[in-house]
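Every number for a ligand or one of its atoms is a count from 1 in the order of the listing. Both backbone and side-chain heavy atoms feed into the values below; hydrogens, waters and symmetry mates do not.
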Amino acid sequence: MSFDYDLFVIGGGSGGVRAARVAAAGGAKVALAEEDRYGGTCVIRGCVPKKLMVFASEYAGMVEDAQAYGWDIQAGDFNWGSFKVKLHAELDRLEGIYRNLLKNNGVETFDQRAKMADAHTVELADGSKKTAKHILLAMGGRPVWPDMPGAELGISSNEIFHLETLPKDMLIIGGGYIACEFAGIMNGLGVKTTQYYRGAQVLRGFDDEARGLVAEEMCQRGVDLHCGTNILEMRKEGDKIWVKATNGDERLFDQVMFATGRAPNTDDMGLEALGVELGRKGEIVVDEYSQTGVPSIYAIGDVTDRVNLTPVAIREGMAFVETVFKGNPTPVDHDLIPTAIFTQPEMGTVGLGEEEARELEPIEVYATSFKPMQQSFAGRAERVLMKLIVSQASRKVLGCHIVAPGAGEMIQLAGIAVKMGATKEDFDRTVAVHPTMSEELVTMKEPVRTA
Ligand code: NDP
C-alpha cells in the first residue's frame, strides 16, 4: 500500500517539530499540521516567555543590590508595554526559526487542525485527507481550571503574556510550577501578589525542606502566600473581581490567574473510535517506545502525560525517530531527570527527595543552608540550600536539591554526576570551586541526619 507520507505529525511544539525534522533529514517524506503557532507551549506560551518575564522581574532587586555595592542608581518604573512589544517580537522570531527548521528539512506543513480518520489517515480542518505509514501525535496540553461560579473571570498562563496592562492586585491559584513561578514574576514586577494553595505546602512532590525554603523566601520577598486555602466563588464587582476563599476572606483583585494543572489535548481527535487508549486525564497511553495500541500511531510529549517537560518531549521525539526510521528500537529513559523551577529563588532538583528516599532504603542526609556572599553583602536576609540524599548501602547520591539563585544552571551539571551514579565519596574527592555557593555540595562532611 502506498501512502502520501512516511510520517504525519500532528502538533508543532518542541517534540513534534524535532521528530518531524529529524525524520525528514534522514530521508523520510514528512508532513506536520499545527492549528496554532509553531513552537508550541514552550516557545509561545510557556518556558521561553516565562523565563524572559523572570529576567524582567529580577531587575528591581538588582538595583537595590547595586546601591549596596556602591552604585549611585535609582530604579525607575517597569514599563510593561515596551517589554511586551519586545517579548512578542522575540516569540515571532523564534516561531520563524521553527518554521524554517521544518521548511529547510523538507517537511510539508499545514497550518490547520488535524484529527485522526483511520489508523493511517489524518483529516485536516479543510476536509482534505492525508495518508501516512506512521502518525505521530504531539498535540501537547492546555491549562485547566475548576468549574465554579465566576471561574470564567479568571485567566490562565496562556493569557498572562497578553495582558493590556499589569494589574495592581493579582491572585494566583495553585501551588505547582506555574503558580509559584508567576507569583515570583508578578511580585517582582511590582504587582501586589496573593497566592492561594489548597494543600499544606506548595510544590507538592518535591523535597520538603527545599520547597519549604522556596515558600519562605517567596513570602520574604512579598508574595502573600496562603496555604490550606482555595477559592470558592468569584464575581465581577466594578472593574475588580470579588473572590471568596475557603478561609472566609472576601477580597477584590484586578486579575485572577488559575494555575491549577494542565490536561492533554486529546478532545475530538477521533482517537477513541480508532481504539487508541486514553487514560483518566485523557492522556494517550503508550509503551516505552511511545507506541499506542494501534501499531501505526505513536504519541510523544505532554499529550502522553509522562514527564511534562520540553527536553523530555524532545527526547521522546528523537527516540521515536531512532526506533521507527533508523531500525534501532530506543526506549525513553525517564529516570533521574534534572529539572528547575524558576521561582525566586530558583529550585533545581534531580532524583529522590528525602521523604521519598527514606521510604525506599536507609539514607544519610547532607544539607546546609546559609546566606550567600553576594546577597548577604547587599544586606539581604536571603538563604540558600544545598542538599544531598545518599544511600547508606551503595553510597550513591540518590537526590540533589538546590535552592539558590542560578540553581537551574547548577542542577544541570550536578545532574550528570547523579545520572552517572556518583557516590558521596565521588562528590567529596572533587575539589571545591571557591568562593561559590555550589562548592558546599562537595564540602559537606557530616550527615545532618540518617533515616
Ligand atoms: P501542576 O500539576 O504542577 O500543579 C497544579 C497545582 O494546582 C497544584 O498545586 C494542585 O494542587 C493545584 N490544583 C489542581 N486542581 C485544583 C483545584 N481544583 N483547585 C485548586 N487547586 C488545584 O501544574 P502546573 O499547571 O503548575 O504545571 C503543569 C506542568 O507543566 C508541570 O507539572 C510541569 O511538568 C510543567 N512545567 C514545568 C516548568 C519548568 O520546568 N520550570 C514550568 C511550568 C510548567 P495539589 O498539589 O493539591 O494537587
Side-chain angles (χ1 to χ4, degrees), residues 13-15 40-55 140-151 154-161 171-185 194-206 208 210-211 214-215 218 225-234 243-247 256-265 280-281 283 301-316 334 337-350 402-403 407-409 411-412 415:
S14 307
T41 300
C42 173
V43 176
I44 303 298
R45 48 194 167 266
C47 323
V48 172
K50 178 275 305 288
K51 187 107 192 247
L52 291 169
M53 282 181 76
V54 170
F55 290 141
R142 64 180 187 283
V144 288
W145 61 75
D147 185 18
M148 48 162 266
I155 58 167
S156 74
S157 55
N158 282 356
E159 288 77 43
I160 195 114
F161 308 110
L171 172 65
I172 296 178
I173 320 280
Y177 279 76
I178 297 179
C180 294
E181 290 181 340
F182 275 100
I185 290 169
T194 305
Q195 184 180 358
Y196 288 168
Y197 171 53
R198 64 183 178 181
Q201 184 57 279
V202 293
L203 299 173
R204 184 167 61 81
F206 294 101
D208 276 359
R211 64 202 185 111
V214 169
M218 283 170 66
L225 171 64
H226 298 256
C227 289
T229 305
N230 209 346
I231 183 170
L232 280 174
E233 196 184 337
M234 302 158 69
V243 171
K244 184 166 182 190
T246 49
N247 63 2
V256 176
M257 181 177 114
F258 288 98
T260 45
R262 298 176 60 86
N265 280 331
R280 203 173 50 88
K281 280 178 69 181
E283 74 277 17
D302 288 6
V303 80
T304 62
D305 196 30
R306 287 177 280 181
V307 181
N308 298 333
L309 300 171
T310 283
V312 176
I314 290 173
R315 288 280 165 125
E316 290 166 356
H334 289 106
I337 295 171
T339 178
I341 305 147
F342 294 98
T343 39
Q344 298 176 33
E346 283 175 29
M347 175 164 150
T349 174
V350 61
I402 301 174
V403 177
E409 302 289 348
I411 205 68
Q412 178 68 83

Any idea which part of [X] is under 4.0 Å from ligand 1, heavy-atom wise: side chain, backbone, both or neither?
| X | answer |
| --- | --- |
| Y197 | side chain |
| A340 | backbone |
| L309 | side chain |

Any N/O pair [X]/ligand 1 closer than 3.5 Å:
| X | answer |
| --- | --- |
| G175 | yes |
| G176 | yes |
| R262 | no |
| G199 | no |

Using a 4.5 Å cut-off on heavy atoms from C-beta on, say whether the side chain of [Y] contacts that of [X].
| X | Y | answer |
| --- | --- | --- |
| Y197 | R204 | yes |
| L171 | I173 | yes |
| I44 | T41 | no |
| F161 | P49 | yes |

Considering only heavy atoms of [X], which atoms of ligand 1 have at least one such atom less than 4.0 Å away?
| X | value |
| --- | --- |
| N230 | 19 (N), 20 (C) |
| A259 | 5 (C), 6 (C), 7 (O) |
| K50 | 41 (N), 42 (C) |
| G261 | 5 (C), 23 (O), 25 (O) |

*Quick one: does T260's side chain have a donor or acceptor within less than 3.5 Å of a partner on V144's backbone?*
yes

*Under 3.5 Å donor-acceptor, E181 side chain and I178 backbone*: no

Please set out all donor-acceptor pairs under 3.5 angstrom arising from side-chain atoms of residues 337-345, sequence neighbours excluded.
residue, atom, partner, partner atom, Å
T339, OG1, Y177, OH, 3.1
T343, OG1, I341, O, 3.4
T343, OG1, P345, O, 2.8
Q344, NE2, S57, OG, 2.8

Which protein non-hydrogen atom lies closest to [atom], naming both residue and atom, and how far is it?
| atom | answer |
| --- | --- |
| atom 17 (C) of ligand 1 | R198 NH1, 3.4 Å |
| atom 38 (C) of ligand 1 | Y177 CD2, 3.0 Å |
| atom 35 (C) of ligand 1 | N308 O, 3.4 Å |

*Using heavy-atom distances, let me know which of I178, V202, T260 sits nearest atom 21 (N) of ligand 1.*
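It is T260 that holds the nearest heavy atom.
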
*asked:* According to side-chain hydrogen bond (donor to acceptor under 3.5 Å, both in side chains), who are the partners of N158, at least two apart in sequence or on a separate chain?
replied: none

*asked:* Could you check whether atom CZ of R262 has more than 12 heavy atoms from other residues, nucleotides or ligands sitting under 6.0 Å from it?
replied: yes

